[in-house]
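Down below is the structure, laid out as structure tokens.
Sequence lines set the chain letters: A, B, ... in the order given, protein chains first and strands last, and positions in each chain run from 1.
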There are 2 protein chains.
Amino acid sequence: MKGKATSFDIAHYAGVSQSTVSRALRGSPLVNEETRRKVVEVARKLNYKVDKNASNLRAQQSSTLAVLLFEDPTSDESQINPFFLSMLGSITRACAKEGYDLLVSFQSSSNDWHADYAESHRADGIILLGYGDYIDYQAKFARLLDTNTKFVCWGANVDGRPELTVSCDNQYGGRLVAEHFIELGRTDCAFIGDASHHSPEFSARFKGFEQRLQDNGKHVSERKMATAISTEESGYQATKSLLANNITFNALFGASDLIAIGAIRALQEAGLRVPHDVSVVGFDDLAVARFCTPPLSTVQQNTTLAGQMLVANLLSLIGEQEVDLANSILPPQLIVRQSSR
Amino acid sequence: MKGKATSFDIAHYAGVSQSTVSRALRGSPLVNEETRRKVVEVARKLNYKVDKNASNLRAQQSSTLAVLLFEDPTSDESQINPFFLSMLGSITRACAKEGYDLLVSFQSSSNDWHADYAESHRADGIILLGYGDYIDYQAKFARLLDTNTKFVCWGANVDGRPELTVSCDNQYGGRLVAEHFIELGRTDCAFIGDASHHSPEFSARFKGFEQRLQDNGKHVSERKMATAISTEESGYQATKSLLANNITFNALFGASDLIAIGAIRALQEAGLRVPHDVSVVGFDDLAVARFCTPPLSTVQQNTTLAGQMLVANLLSLIGEQEVDLANSILPPQLIVRQSSR
DNA sequence: CTGAAAGCGCTTACAG
DNA sequence: CTGAAAGCGCTTACAG
């Protein structure tokens, strides 16, 4: 036999028809147990593997999901936010468990937008990940909905379609941070992030934070807020600009760990001690958080669970089944380390 | 039109044959420029996308690569070594640039070994990544070679097939660390890692380290070596065991950054100051290295270049072309931070 | 339970 | 430069 074995080769050697080979290998209940055993053995001997291109073409499905990782266009190319890498890990695992393959793609600019993973039948559905600009997202969502592509999205809401989103309860996470600062007696707070509608996750975190402070008769002065994207450098610069304007505060909430880490660097360079002069809390609980100086207090998002929910919900969507909405908003958890007290 | 448009639909509306549509869309030089324009326009209007399953089946190739990430079975499931995540990022980018899709899979146990990505025509070639056990690897290599699967491997050599490997010059990296310690006057060295043939990368690092010390009339006493896999916890435990036996040293080389970070924790817990009492150097230059306490000196591997070379070499293999051997061993670079002096 | 046959949507000789 | 036709390797009605 030259080249790879086909189902016809197996049929030949097993003394059955090609249709029976196909049924036997796919576990059809129609096939006699004896026959199946024979087929499976021949297949193993000839090292036969079903050609996925052929079966996918015929069955009109791909048993493949695609994950698109949007990178903030303003962040530098080389460093992907570890948070999403961690999500990627758990998504990969969840896919494997469900028998799906996973295509991965980074979307750095808007022009190489790969909605066509689905349209070209390479994937049955798409998972969207990233701290992108929310406004940009809406156009992409429209395109996906338009082509009837199955997709789920991390973090950002699709108008009127809650079943398409899995997210952390960002607002509750923000409340936890405020509560922590209140307990510490540190209510002169700064916020570094982007509380605008461009970043729905960051602004939800801010909203919860601000609300909890207001419950306590406090609030974040607009002067003590600085915009940053989710990078160490951006957090550093934003904090520096605050300090350069002689803005003072005794607590700082970074909308992500990378931002908080950059903020700590800016504070320390300015001669301020963390947590003695300023308590700092981040958001994400990256692996680095434990190893910072000082170790960073933060709000942990459960990426394992998040990945599992994204995959589970996407498969529900593909299978036209009910999505588990109740578990699609994941509760975050405050982790107190040495950067706040 | 119901469902997705096919090339026949495009042919119909463009007033040409289906073969011409296929040629036009694939950029065949055979087709008239005028005709092509017409076809392309109709295709765009109908939102037509070539069905990858069909074209792959027919053309007998998939324009897809697969990356298999082997995890050390002894490491805990949730945390993937950030070094490989970073490699994954650069591989993804390199694939996209070459017009290939990327399938990703984590191989945690030996039984879900996905060599069949290639056999089932889902991928044209495979990239192997991970700090696995070298002995285990050999069996996998044999299987891949046996089925004539195209693959490249990071780090581990395939006997007599240098074209299948891309790696960092680990031995040279080890030399750099020894040289650094010698310059600091710290030659009472400990090594934490696995210098056995189970971990060819770690043992190459050790070999270069030891050689350079010997050039200087020194060496690493076997008592001052402790075995560890590439996790923080393992580095911590290994270092603790050394200290528990009252082994002393004034410099420590961790075979990876995670190991070195764990070692620092063990040293600090034992009341030793880094770098005052012990200089510590790691290997990899993870993103965390900069944020450690103290910031970790390390040997940087260029993951961007590594990913590019892996993809480039694999494509050469697939295209039956000469592999660029000269650039397949990447020079590492010593990064001195505060953990050594 | 099994087989013969159609067909998924393309690419690519072959003939003009 | 273009078209008619074969065929990639499967899955799945259809008939028995």
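Residues satisfying the salt bridge (charged side-chain N to carboxylate O under 4.0 Å, His left out) criterion with B/Arg58, sequence neighbours excluded, are absent altogether. Listed by chain and number, the residues in a side-chain hydrogen bond (donor to acceptor under 3.5 Å, both in side chains) with B/Arg37 amount to none (sequence neighbours excluded).
Judged by distance alone, the side chains of B/Ser22 and B/Ser19 never bring a donor and an acceptor atom under 3.5 Å apart. Side chain to side chain, B/Thr303 and B/Ser86 meet the donor-acceptor criterion of an N or O pair below 3.5 Å. B/Ser120 and B/Arg122 are linked by a side-chain donor-acceptor pair at a separation below 3.5 angstrom, with hydrogens and angles left out of the test.
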remark   = Each base of DNA chain C marked ( ) or [ ] if paired in-strand (Watson-Crick or G-U under 3.5 Å), | if paired to another strand and . if unpaired gives |||.||||||||.|||

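Among residues at least two apart or in separate chains, side-chain hydrogen bond (donor to acceptor under 3.5 Å, both in side chains) pairs with a member in residues 318-329 of chain A are A/Lys150-A/Glu320, A/Asn313-A/Ser328, A/Asp324-A/Asn327.
You'll find the side chain of B/Thr6 stays beyond 4.5 Å of the side chain of B/Asp51, heavy atoms only. B/Leu128 places a side-chain heavy atom less than 4.5 Å from the side chain of B/Phe141. Using a 4.5 Å heavy-atom threshold, the side chains of B/Thr149 and B/Ile126 count as touching.
Comparing A/Asn53 and B/Glu33 by the nucleotide of DNA chain D whose heavy atom lies nearest to each, the residue mapping closer to the 5' end is B/Glu33. Nearest-nucleotide positions on DNA chain D place B/Pro29 closer to the 5' end than the other of B/Pro29 and B/Ala54.
A/Thr92 contributes no side-chain N or O that, together with a main-chain N or O of B/Ser105, makes up a donor-acceptor pair within less than 3.5 Å.
From the 5' end on, the contacts that DNA chain D makes with chain B at under 4.0 Å to a non-hydrogen atom open and close at D/dC1 to D/dG9.
Taking the C1' atoms as reference points, C/dT12 lies 16 Å from C/dG16, given to the whole Å. When the P atom is compared between D/dC14 and D/dC10, the two are found 23 Å apart, to the nearest whole Å.
For the segment residues 18-26 of chain A, the set of residues with a heavy atom within less than 4.0 Å of an atom of DNA chain C comprises A/Ser19, A/Thr20, A/Arg23, in numerical order.
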